[in-house]
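Below is one structure; the comments refer to it alone.
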Amino acid sequence: MAGRTVAALLGLAAAAVLVVAVLAGRTTVDVAVPSPSASPEASPTAPPRASPSPSPAASPSPSPTAGVLSDRYGYVLPDHGRLIVRAETADRPVGSVDGWTGAAVSPDGRRIAVWQPSRTGDGPERLVVVDVATRAERELLTAAAVMRGGSIAWANDGTGLFYSVHSRESVVGAGPRVSELHSYDLAAARAPGATEPELRRSDGFAFVPVGWDKAAQVAFAVVTGEGGFAAEYLVWDKRSLPAGQPAVRRAGVPWPVLFSTVFASPDGKTVLAVDLAANALRLWPASNIAQAATVQRGPARIYDARWRPDSRDIVWVLGPEVRLTTYQTDAERVVYRGEEQMTIAAVRPDGSAALVRRGGRVVVVELAGGRTADLPYAEHLLPHGVALR
């Protein structure tokens, strides 16, 4: 039974890997947020008593789910070679992002970084940042013609991008023939791009950026191969170092961890991953995986885990429960009970709610009060929501 549960988990995680690999494209956003259409439902009332004067009309009682969905928040979904933006309250797109490779939403939910095809459609890809509200587009760079855009991770303060590029040519039975990591400092007036010789490999494995602690000048990533497991963890020290001291440090990942379960905390200080074999969360300082701590909660299977934006809270799925835990404290509570094999589809940019995929639907779960409502759509979502207003 346990083996079948792990196999089911691997299937879910593999689907998440596929979604990450599929996200790609160009970006032009046109957002027009509609007003919420939901209205409170009236509850039945007893007939009024006979009276010489007319009785006042009964006031409608709000539904327990009324007001959970909000047009302040939206989500990004892949749609036939582009990205579309939908508000929580809308069952139709309220905007679009032209293109889809490596798309990532900024920590504040107000910008989308994405690889766009060339304007002619047959040239090299461009790395672009688009403001969701104003539609302002900032083109950062153009990749080499022989390379294609990979994953993108935002710096913790939203002022930089840590990204990968991969060769269009692949190794038979493996991944890209060449994979590289680069950073782009959005706040730098001169020489915003950077890399190191050690951030290039040509063995069929691929780099996946995880996070960038801008203040500490530390970026970190995993290396993955066939099957999507994280084989190595590397730390890029971006400070000016003494002669002979390497800027890049590598270490093996000592547990079976899928790269799609590896996330950086909002402050960029801590990394989280799900250990499939031990059924545990592994958490470590971004600069040193050897100092990893273990969090376990009995036999209940861990299906997913994410950081809550702007906090040290972890939202995770254990068996049929969604729990909220504050890292390095005893604070923990159940915020939702559903069914086995639920996953976290996305989190609101302000951390007020988590979107839980439950079978063929997505449930918005308020993390403060536990109120819930079904999202009007259930497609795959980028894991970080956007701020529509």
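As the structure is a prediction and not an experimental result, all values here were calculated from the model. Excluded from the calculations below are hydrogen atoms, water molecules and symmetry mates; all remaining heavy atoms, backbone and side chain alike, are included.
Using a 4.5 Å heavy-atom cutoff, the side chains of F229 and V257 are not in contact. Counting heavy atoms from C-beta on, the side chains of R148 and E125 come closer than 4.5 Å.
Linking ILVMFWY residues whenever their side-chain heavy atoms come closer than 4.5 Å, directly or via other members, leaves V223 and M147 in distinct clusters. In the hydrophobic clustering of ILVMFWY residues, with side-chain heavy atoms under 4.5 Å counting as a link, V208 and V248 come out apart. A continuous path of hydrophobic side-chain contacts links V363 to L367 [ILVMFWY only; heavy atoms under 4.5 Å]. Residues I152 and F162 do not share a hydrophobic cluster, clusters being chains of Ile/Leu/Val/Met/Phe/Trp/Tyr side chains in contact below 4.5 Å. Under a hydrophobic-cluster definition in which Ile, Leu, Val, Met, Phe, Trp and Tyr are linked whenever side-chain heavy atoms come within less than 4.5 Å, directly or via other members, I302 and W307 are assigned to the same cluster.
Across P349 and A387, no two heavy atoms sit closer than the pair CG-N, 4.1 Å. Nearest heavy atoms, A145 versus P124: CA-CB, 4.0 Å. Here the shortest heavy-atom pairing between P376 and E88 reads CD-O, 2.9 Å. The two atoms that bring V271 and A286 nearest to each other are CG2-CA, 4.0 Å, heavy atoms only. Nearest heavy-atom pair, Y73 versus S352, reported as atom, atom and distance to 0.1 Å: OH-OG, 3.7 Å.
Applying the side chain to side chain contact (heavy atoms under 4.5 Å, CB included) test to E226 and every residue at least two apart in sequence or in another chain returns nothing. Under the side chain to side chain contact (heavy atoms under 4.5 Å, CB included) criterion, A215 pairs with D213, sequence neighbours left out.
With rounding to the nearest 0.5 angstrom, the CG atom of L281 is 9.0 Å from the OG1 atom of T294. The CG atom of L83 sits 8.5 Å away from atom CG of L77, with the distance rounded to the nearest 0.5 Å. Between the CG atom in L69 and the CG atom in L375 there is a gap of 6.5 Å [rounded to 0.5 Å]. Between the CZ atom in R308 and the OG1 atom in T326 there is a gap of 8.0 Å [rounded to 0.5 Å]. For the atom pair OG (S287) and CZ (R249), the distance works out to 6.0 Å, reported to the nearest 0.5 Å.
Checking S70 against R348 by side-chain atom types alone, no donor-acceptor pair falls below 3.5 Å. Between the side chains of Y303 and E340, at least one donor N or O lies within less than 3.5 Å of an accepting N or O. With no hydrogens or angles considered, no side-chain donor-acceptor pair links T270 and W284 at under 3.5 Å.
The residues R177 and D203 are annotated as not salt-bridged, no charged nitrogen and carboxylate oxygen being separated by less than 4.0 angstrom. Look at R239 and D237 and you find a salt bridge, because one of the NZ, NE, NH1 or NH2 atoms lies within 4.0 Å of a carboxylate O, short of that distance. Under a 4.0 Å N-O distance rule, the pair R282/D275 qualifies as a salt bridge. The residues R312 and D267 are annotated as salt-bridged, a charged nitrogen and a carboxylate oxygen being separated by less than 4.0 angstrom. A salt bridge links R297 with E332: the distance from a Lys NZ or Arg NE/NH1/NH2 to an Asp or Glu carboxylate oxygen falls below 4.0 Å. Comment: D71 engages R389 in a salt bridge, judged by a side-chain N to carboxylate O separation of less than 4.0 angstrom.
The ring-ring contact (aromatic ring centres under 6.0 Å, His included) pairs that include a residue from residues 164-186 are Y163-H182, where partners are two or more places apart or lie in different chains.
Side-chain N or O atoms of S167 include one that pairs as donor or acceptor with a backbone N or O of V178 at under 3.5 Å. Between the R126 side chain and the E139 main chain, no donor and acceptor come within less than 3.5 Å of each other.
For K214 and W154, the positive end is not near the middle of the six-membered ring at less than 6.0 Å and at most 45° from its axis. Cation-pi contact between R250 and Y233: absent, since separation from the ring centre below 6.0 Å together with deviation from the ring axis within 45° is not met.
A side chain to side chain donor-acceptor pair (under 3.5 Å) with Y336 is found for one member of R371, E366, E321, R358 and no other, namely R358.
When the shell of 6.0 Å around CZ of R92 is examined, it contains 12 or fewer heavy atoms from other residues, nucleotides or ligands.
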